[in-house]
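As structure tokens, the structure follows; a few thoughts come after it.
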Amino acid sequence: MGGGRKRGRTQRRHFKQGRENVWKHNPQRPPAAGGEGAEGGAAEGREGNPSWQPFATENPAFEDYYKAQQIIPEGEWDDFMNMLRKPLPATFRINASCQFYQDICSQLENDFRKSLETEVSDEHEEDAIRPLPWYPGNLAWHLNFSRMQLRRNQALEGFHEFLKRENEVGNITRQEAVSMVPPLFLNVQPDHHILDMCAAPGSKTFQLLEMIHQSTKPGMLPNALVVANDVDVQRCNLLIHQTKRMCTANLIVTNHEAQNFPGCNLAKFSSETCTNESKLQRLEFDRVLCDVPCSGDGTVRKAPDMWRKWNAGMGNGLHRLQVEIAMRGIGLLKVGGRIVYSTCSMNPVENEAVVAEILRRCGGSVELLDVSNELPELVRRPGLSTWKVRDRGSWFGTHEDVPRYRKNVILPSMFPSGKGTMDSHVAIGSVEVNTDVIDADMKDSTNMVEGEQQTKTASDDVNNGGDPNTEETSKLESNEVPNDSDKKSNSTSIRTEHSNFPLHRCMRIVPHDQNSGAFFIAVLQKLSPINENQEAELIKGKHSISKDRAEKLEKGLGSDKVPHKENTVQQQGVDDGNVMDEQQNGDVDNETSNGKSSEEAKVIVNEAENDQAGPRDRSRKPQNQGRWRGVDPVIFFKDEATIRSIVSFYGIKDTFPLEGHLVTRNPDAGHVKRIYYVSKSVQEVLELNVKVGERLKITSLGLKIFERQSSKDGSPCTFRLSSEGLPLLLPYITKQILYASAIDFQHLLQYRTIKFPDFVDAKFGEEASALLPGCCVVVLREGHQNIDSIAMDPSAIAIVCWKGKTNLCVMVSPLDGKELLERICLRYGLKIPKADDVKPSMKIDGSDEQPDLSTEAVDPEAAPESKASDMEIADAKEVE
């Protein structure tokens with residue numbers, strides 16, 4: 001299962017207004033400051049547009065900052081900077097659970113690896129294409145070409161088309177090499193429950209799904225579960241689109257703030273006593289991937305606009321949010337479980353400082369693991385044990401050195417020791433993003449580039465964790481800042497601290513070690529439950545301090561004048577979390593200012609008070625109404641008459657579990673258009689979610705297995721099989737199934753509609769005409785001795801068709817049909833037909849022979865999923 005075949009090409013209309021295409025001509029862009037990457041880009045750009053200006057690949061503030069932090073030895077600095085200025089090589093990963101895994105590996109080794117040898121463009125690389133030595137099973141491949149070269153080099157056109165096609169159907173995933181590293185250190189097992197806290201755009205989630213499906217037999221689902229979460233609705237749509245290529249029943253996509261991800265504890269949120277110990281009582285995870293929002297300066301090779309945007313305040317402004325997300329992940333982790341914290345930033349304030357703060361807060365309950373013996377061929381460097389913090393042009397080695405008026409934004413946790421005065425802990429427990437910190441350091445970076453008058457910034461979503469929405473334009477008034485605040489201290493003369501935690505166990509991946517991007521990874525294990533009494537006291541203290549701070553601000557004594565509603569992360573969906581979550585997010589005004597009505601805000605406050613009072617009998621809405629505005633509810637499909645009709649028509653064996661595994665997103669059972677199948681693990685989470693009051697805001701889940709189909713042929717069954725769910729269901733189907741020869745199977749894919757007498761195998765045509773009108777399955781017979789065992793063979797190839805009065809019609813998208821046609825031609829040595837190679841006798845108008853597919857155009861029952869399915873992700877969409 002998990003065949004990795006996405007059905008149906010879609011349009012990208014919801015992402016046309018997305019991030020600026022920085023590769024396009026921009027007349028306001030400053031001139032380049034040198035570097036190999038800039039020179040190469042200028043040569044290409046001038047050919048098409050003489051006024052085009054290449055990217056500036058220098059930022060003196062960036063160089064000064066990282067030289068002072070000593071992230072690499074001084075002798076390697078030139079190599080480091082030269083590599084940063086080069087375009088990032090393209091990389092991709094093969095889906096080992098896909099049907100054609102072996103065929104793709106063979107094609108890469110025997111065809112493309114040889115044909116691309118003459119196209120090597122880098123004197124440092126011997127091979128044009130090679131597997132990454134550190135990725136298990138030679139599944140990940142490195143190209144000696146950037147994405148731009150792949151698009152523009154005519155000699156690479158065939159290979160480029162291969163990558164686009166295979167990526168679209170889910171056989172490969174185009175993803176940055178270092179982005180593939182964090183999931184590998186999770187050490188995922190087939191029965192694990194896994195949480196991806198900041199999952200969009202979805203490449204790491206897809207990688208986790210590959211891991212749990214890799215060893216699954218046909219018709220079987222793994223016991224594992226992946227919950228993929230993201231705070232942004234639009235990025236959730238992209239996440240859904242990415243993961244739909246996997247065709248999995250073991251995925252739930254949610255839309256919550258990661259730091260406030262809801263806890264689903266039956267004992268706390270329901271007065272019902274559950275006597276069945278086998279039922280899920282609490283949502284906890286064996287593995288948590290915490291790839292947090294970050295400044296993203298490790299992606300500068302693939303996002304060259306970062307040179308212009310970068311400033312030291314970006315990392316300072318995100319530090320608090322990163323700590324809170326990681327702490328929430330640890331709270332959701334089972335004892336003995338493993339959490340991986342990662343960023344695509346090189347900044348120690350976002351990396352080692354966050355890990356050190358986690359260890360301080362958790363005491364001995366969490367251990368930073370030494371994983372140096374895992375993935376031994378991956379070149380990595382140890383984490384830093386000492387660093388400095390830069391704010392408003394000045395360097396600080398300890399929190400004591402920070403001016404008093406900045407102590408509430410430059411936190412003690414940003415420093416190696418984590419020590420500071422009590423009043424400096426003003427907002428540690430909150431989840432505010434310090435945009436004034438970002439703005440303060442903008443002064444240093446904006447003057448570095450000629451013509452740049454930038455007055456605001458935000459961490460861009462070029463990083464893998466998501467856009468934290470930290471953009472801010474307000475600045476402190478000049479009379480609030482001492483006159484000497486802009487005086488820059490000498491970074492070499494200030495005293496610095498040394499962390500006592502074993503931060504050398506963290507991993508830093510730097511670009512010039514293996515021609516990649518930059519990344520930071522830390523692997524932690526939960527040894528025991530976090531002391532809840534200490535945690536409650538800490539929260540209580542921070543909450544009272546926050547009140548004191550609010551009073552000071554009202555009297556005009558505070559230095560932070562940025563409005564609260566602009567200084568917090570936007571909440572896409574308000575979550576009435578546990579006690580910790582409520583204290584972190586207790587400002588009702590903030591909740592109402594982000595899209596919630598006053599009535600809803602009152603409900604949230606009341607629920608928060610009830611949460612603090614302890615267990616209660618929460619009055620819940622009926623399941624079919626749903627709790628979350630704008631999100632269709634998840635309804636268990638229990639229409640026995642429809643289920644019996646489906647089982648009877650397709651002859652589905654009793655051994656295939658249907659009861660409790662079918663869900664829909666339409667509360668009206670009489671107008672259900674799509675039925676989804678969920679695994680046992682997903683089913684348990686859904687049942688728990690209902691019992692605790694639907695705390696999870698679920699935007700997508702399950703595997704589409706049946707679709708309502710209208711036709712003029714009078715089919716006895718109103719639901720047809722879905723191509724996504726066919727691999728799972730195939731071993732259990734006993735009716736409406738045909739076995740075709742290779743030539744007839746090829747003709748079906750090539751001509752899409754064939755009349756019964758036109759099949760090469762006359763017997764096959766007779767068998768097809770004898771079927772009941774409606775949906776059927778055609779299985780490729782080639783290569784199988786025993787027809788009865790074909791369905792249980794993992795290599796079996798099958799497609800969904802429609803049997804009309806006089807013909808057989810393929811119900812596979814043109815893109816998937818073309819890819820499948822090429823695959824079987826290569827596997828069985830058939831001639832690959834040309835696009836215009838269609839026999840006139842095979843063409844039919846099919847005016848009333850083909851099914852009405854208009855139902856595929858509208859899906860009112862699953863709005864979030866229909867948005868995702870309306871996207872066409874073009875070649876430039878390599879978002880990881």
Side-chain angles (χ1 to χ4, degrees), residues 62 65-73 80 178 181-182 185 290-298 312-327 329-330 339-363 366-372 379-391 395-399 401-402 410-420 428 434 437 459 463 465 491 494-511 513 517-525:
F62 175 91
Y65 184 84
Y66 282 116
K67 270 187 177 178
Q69 297 288 17
Q70 299 179 353
I71 61 171
I72 58 170
F80 170 71
V178 290
V181 176
F185 283 106
C290 191
D291 188 55
V292 297
C294 65
S295 60
D297 54 26
M314 294 168 71
N316 296 347
L318 288 166
H319 169 84
R320 183 185 290 134
L321 175 65
Q322 293 162 339
V323 171
E324 296 303 330
I325 292 176
M327 287 301 298
I330 291 173
I339 180 172
V340 169
Y341 174 86
S342 64
T343 74
C344 53
S345 168
M346 297 179 281
N347 195 338
V349 175
E350 301 178 74
N351 298 332
E352 286 88 353
V354 173
V355 174
E357 178 65 7
I358 293 170
L359 296 174
R360 269 190 295 271
R361 292 194 184 189
C362 297
V366 172
E367 177 188 10
L368 179 59
L369 296 180
D370 180 2
V371 290
S372 56
V379 182
R380 84 289 299 263
R381 303 196 180 200
L384 306 177
S385 58
T386 181
W387 60 88
K388 299 176 284 290
V389 177
R390 186 176 177 86
D391 178 52
W395 286 100
F396 303 106
T398 66
H399 192 257
D401 299 335
V402 178
I410 303 300
L411 308 176
S413 58
M414 295 180 181
F415 295 87
S417 72
K419 296 178 180 178
I428 285 183
N434 291 319
V437 178
S459 61
N463 59 294
S491 63
I494 62 174
R495 59 184 181 129
T496 57
E497 298 174 333
H498 190 280
S499 176
N500 293 326
F501 293 112
L503 298 180
H504 62 277
R505 296 178 181 177
C506 300
M507 293 169 281
R508 284 180 162 268
I509 300 176
V510 294
D513 277 345
F519 229 78
F520 174 87
I521 303 119
V523 184
L524 302 104
Q525 186 172 16

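Side chains included, hydrogens not; waters and symmetry mates left out as well; all remaining heavy atoms used. What you see is a predicted model; the values in this text were computed from it and never measured.
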- Item | Nearest non-hydrogen partners of Ala518 and Val178, listed with the distance | O-CG2, 4.3 Å
- Item | Nearest heavy atoms of Gly329 and Ile339, plus distance in Å | C-CD1, 4.0 Å
- Please confirm whether the backbone N or O of Asn347 pairs with a side-chain atom of Tyr66, one donor and one acceptor, at under 3.5 Å? yes
- Is His399 reaching over with its side chain to a backbone N or O of Ser417, donor-acceptor style, under 3.5 angstrom? no
- Task: Give a yes or no answer on whether the side chain of Glu357 reaches the backbone of Met414 with a donor-acceptor pair at less than 3.5 Å.
- Result: no
- Query: Has the side chain of Glu352 got a donor or acceptor atom that lies under 3.5 Å from a matching backbone atom of Gly383?
  - Reply: no
- Can you list the steps and then say if Cys362 with Ile330 is a side chain to side chain contact (heavy atoms under 4.5 Å, CB included)? CA-CA 9 Å; Cys362 297; Ile330 291 173; 4.0 Å; yes
- Check whether any side-chain N or O of Ser345 sits under 3.5 Å from a backbone N or O of Gly296 as a donor-acceptor pair, and report yes or no. no
- Message: Which label fits Trp395 and Tyr65: parallel for a plane angle under 30°, tilted from 30 to 60°, or perpendicular past 60°?
- Response: parallel
- Inter- and intrachain pairs under salt bridge (Lys or Arg N to Asp or Glu O under 4.0 Å), touching residues 341-350, at least two apart: none
- Item | Test item: Pro182 and Phe519 side chains (from C-beta on) under 4.5 Å apart, heavy atoms | yes
- Message: Tell me whether Arg508 contacts the main-chain N or O of Met346 through its side chain, where contact means a donor paired with an acceptor under 3.5 Å.
- Response: yes
- Item | The single option from Lys388, Lys419, Arg495 passing salt bridge (Lys or Arg N to Asp or Glu O under 4.0 Å) against Asp401 | Arg495
- Query: Stepwise, does the side chain to side chain contact (heavy atoms under 4.5 Å, CB included) test hold for Ile358 with Phe501?
  - Reply: CA-CA 11 Å; Ile358 293 170; Phe501 293 112; over 6 Å; no
- Message: side chain to side chain contact (heavy atoms under 4.5 Å, CB included) for Phe62 and Asp297? Distances and angles first, verdict last.
- Response: CA-CA 9 Å; Phe62 175 91; Asp297 54 26; 4.1 Å; yes
- Steps toward side chain to side chain contact (heavy atoms under 4.5 Å, CB included) verdict (Phe396, Ile494): CA-CA 7 Å; Phe396 303 106; Ile494 62 174; 5.7 Å; no
- Between the CG atom in Asp513 and the CZ atom in Arg381, the distance rounded to the nearest 0.5 Å is 4.0 Å
- Item | Any side-chain heavy-atom pair of Arg361 and Val366 under 4.5 Å | no
- Any donor-acceptor pair under 3.5 Å linking the side chain of Arg505 with the backbone of Leu368? yes
- Message: With rounding to the nearest 0.5 angstrom, report the CG to NE2 distance, Asn351 to His319.
- Response: 11.0 Å
- Query: Closest heavy-atom contact between Cys506 and Val355?
  - Reply: SG-CG1, 4.1 Å
- Note on the structure: When rounded to the nearest 0.5 Å, the distance separating CG of Leu359 from CG of Leu524 is 6.0 Å
- Task: Kindly give the heavy-atom pair with the smallest separation between Gly315 and Ser295, and that separation in Å.
- Result: N-CB, 4.3 Å
- Note on the structure: When rounded to the nearest 0.5 Å, the distance separating CG of Leu384 from CD of Gln69 is 7.5 Å
- Query: Is it true that atom CG of Asp370 has more than 12 heavy atoms of other residues, nucleotides or ligands lying nearer than 6.0 Å?
  - Reply: yes
- Nearest 0.5 Å, what's the CZ-OG distance between Arg360 and Ser499? 6.5 Å
- Item | Exercise: identify the closest heavy-atom pair between His498 and Ser385 | NE2-OG, 3.0 Å
- Task: Would you mind reporting whether Val510 and Ile72 have side-chain heavy atoms less than 4.5 Å apart?
- Result: yes
- Message: When you measure from the side chain of Asn316 to the backbone of Val349, do you find a donor-acceptor pair of N or O atoms at a distance under 3.5 Å?
- Response: no
- Query: Any donor and acceptor pair, going by atom type alone, linking the side chain of Trp387 with main-chain N or O of Ile71 inside 3.5 Å?
  - Reply: no
- Message: Using 0.5 Å steps for rounding, measure from the CG atom of Asp291 to the CD1 atom of Ile521.
- Response: 9.0 Å
